[in-house]
Amino acid sequence: MKVDANGPGTSLALRISHANDNKAVDGAAAPAQVDKQSATLWFGDGNIVLSAPSDLAANTTINFCVHSGVLRSRCQVFADMLAMPSGSQTAEMNSEEVYNGKPRVRMQDSAEDLEAFLKVLYDPWVLSSKKRITALLSRTRGFLSLADKYNLYGMKGFIQNSLEIDWPKSLEHWDIMD
């Protein structure tokens, strides 16, 4: 399935993906799409696969095998999306697209942003350590943009406060921290 969420307060549109979605214009062959499993967020007992295009590797889709229960419990947008009825089953279980035997949801977000977002969903405390915040700075922008998109305002506020505390705005404050 393809998921399209345009921001807070908007409805989600689900679209079933078809095998010919990647055809190039004028009959030219499209570059081969490469599917890769995430090295950090692939849980063997996960029950849903979120797929997103990589910004770092052309024609590459990164797949995250995660737990729908974690997504539902921590993010109302995911709870609503995965509970959308399609006949007598949920959208998650009625997906026509499967990856490694699990329902696959194609996300519009970049794989890099989605990875940062999912890491915080699974372990919100990852941001409580200054050492870890330093490691996540390159991904913070992506997480913050998805926090808005998926209505995680409390977590976004926590991250912003942590960044303000841990990353002073003046050289004088930096000197005090050293």
Side-chain angles (χ1 to χ4, degrees), residues 1-10 12-14 17 33-83 91-92 95 97 99-100 102-169 177:
M1 281 186 286
K2 216 162 225 201
V3 178
D4 185 13
N6 294 320
T10 62
L12 292 174
L14 297 179
S17 298
Q33 186 68 27
V34 177
D35 268 326
K36 291 186 176 180
Q37 292 181 0
S38 168
T40 57
L41 287 165
W42 186 270
F43 298 101
D45 65 340
N47 62 348
I48 190 165
V49 175
L50 302 181
S51 297
S54 174
D55 282 344
L56 302 177
N59 301 316
T60 300
T61 298
I62 307 297
N63 297 287
F64 305 91
C65 185
V66 294
H67 305 91
S68 62
V70 171
L71 299 177
R72 287 183 177 122
S73 69
R74 305 226 169 103
C75 180
Q76 187 60 46
V77 173
F78 276 109
D80 293 345
M81 178 188 72
L82 295 174
E92 170 192 346
S95 172
E97 188 170 2
Y99 184 85
N100 278 8
K102 295 170 175 67
R104 180 186 211 178
V105 178
R106 291 194 179 264
M107 308 295 290
Q108 298 295 318
D109 312 301
S110 78
E112 294 74 23
D113 289 353
L114 184 59
E115 178 181 26
F117 181 78
L118 290 170
K119 281 183 177 181
V120 175
L121 278 186
Y122 269 87
D123 183 13
W125 300 111
V126 73
L127 299 174
S128 65
S129 163
K130 189 173 182 180
K131 180 179 177 184
R132 290 186 180 172
I133 288 176
T134 303
L136 287 176
L137 273 180
S138 65
R139 306 258 170 106
T140 300
R141 181 210 50 85
F143 174 80
L144 291 175
S145 99
L146 294 186
D148 271 341
K149 181 176 180 179
Y150 295 111
N151 301 331
L152 293 175
Y153 303 117
M155 197 172 288
K156 179 182 177 182
F158 172 76
I159 291 169
Q160 288 172 327
N161 288 338
S162 295
L163 289 173
E164 288 174 7
I165 291 168
D166 290 337
W167 299 94
K169 295 177 185 174
M177 287 182 61

Could you check if a side-chain atom of Thr61 sits within less than 4.5 angstrom of a side-chain atom of Lys36, using non-hydrogen atoms only? no
Any side-chain heavy-atom pair of Val105 and Glu97 under 4.5 Å: no
Just do the side chain to side chain contact (heavy atoms under 4.5 Å, CB included) check on Cys65 and Gln37 with the steps written out, would you? CA-CA 8 Å; Cys65 185; Gln37 292 181 0; over 6 Å; no
So how far is it from Leu118 CG to Phe43 CZ, rounded to the nearest 0.5 Å? 9.0 Å
Looking at side-chain heavy atoms only, is the closest gap between Val66 and Leu121 below 4.5 Å? no
Please report the closest heavy-atom contact between Ala52 and Ser110, naming both atoms and the distance. CB-C, 3.9 Å
Sole residue of Ile62, Leu41, Leu50 in side-chain contact (heavy atoms from CB on, under 4.5 Å) with Leu114: Leu50
Mind checking the NZ-OG spacing from Lys102 to Ser68? Nearest 0.5 Å is all I need. 11.5 Å
Do we see a donor-acceptor contact under 3.5 Å between the side chains of Arg106 and Ser51? no
Of all residues at least two apart in sequence or in a different chain, which pass the side-chain hydrogen bond (donor to acceptor under 3.5 Å, both in side chains) check with Gln76? Asp80
Considering all heavy atoms of both residues, which atom of Ala79 and which atom of Arg72 are nearest to each other, and what is their separation? CB-O, 3.6 Å
Quick one: side-chain hydrogen bond (donor to acceptor under 3.5 Å, both in side chains) partners of Lys156, sequence neighbours excluded? Asp148
Would you say the side chain of Thr60 lies within less than 4.5 Å of the side chain of Asp35, judging by non-hydrogen atoms? no
Under the side chain to side chain contact (heavy atoms under 4.5 Å, CB included) criterion, do Asn100 and Trp42 qualify, and how do the steps go? CA-CA 11 Å; Asn100 278 8; Trp42 186 270; 3.5 Å; yes
Decide side chain to side chain contact (heavy atoms under 4.5 Å, CB included) for Asp109 and Lys149; before the verdict, give the C-alpha distance in whole Å, the side-chain angles of both, and the deciding distance to 0.1 Å. CA-CA 10 Å; Asp109 312 301; Lys149 181 176 180 179; 2.6 Å; yes
Any chance the side chains of Asn47 and His67 put a donor and an acceptor closer than 3.5 Å? no
Within the 6.0 Å centroid threshold, strictly below: Phe64 and Tyr99: no
Can you tell me how far CE of Met107 sits from CG of Leu146, rounded to the nearest 0.5 angstrom? 8.0 Å
Would Tyr122 and Phe117 count as a side chain to side chain contact (heavy atoms under 4.5 Å, CB included) here? Give the steps. CA-CA 9 Å; Tyr122 269 87; Phe117 181 78; over 6 Å; no
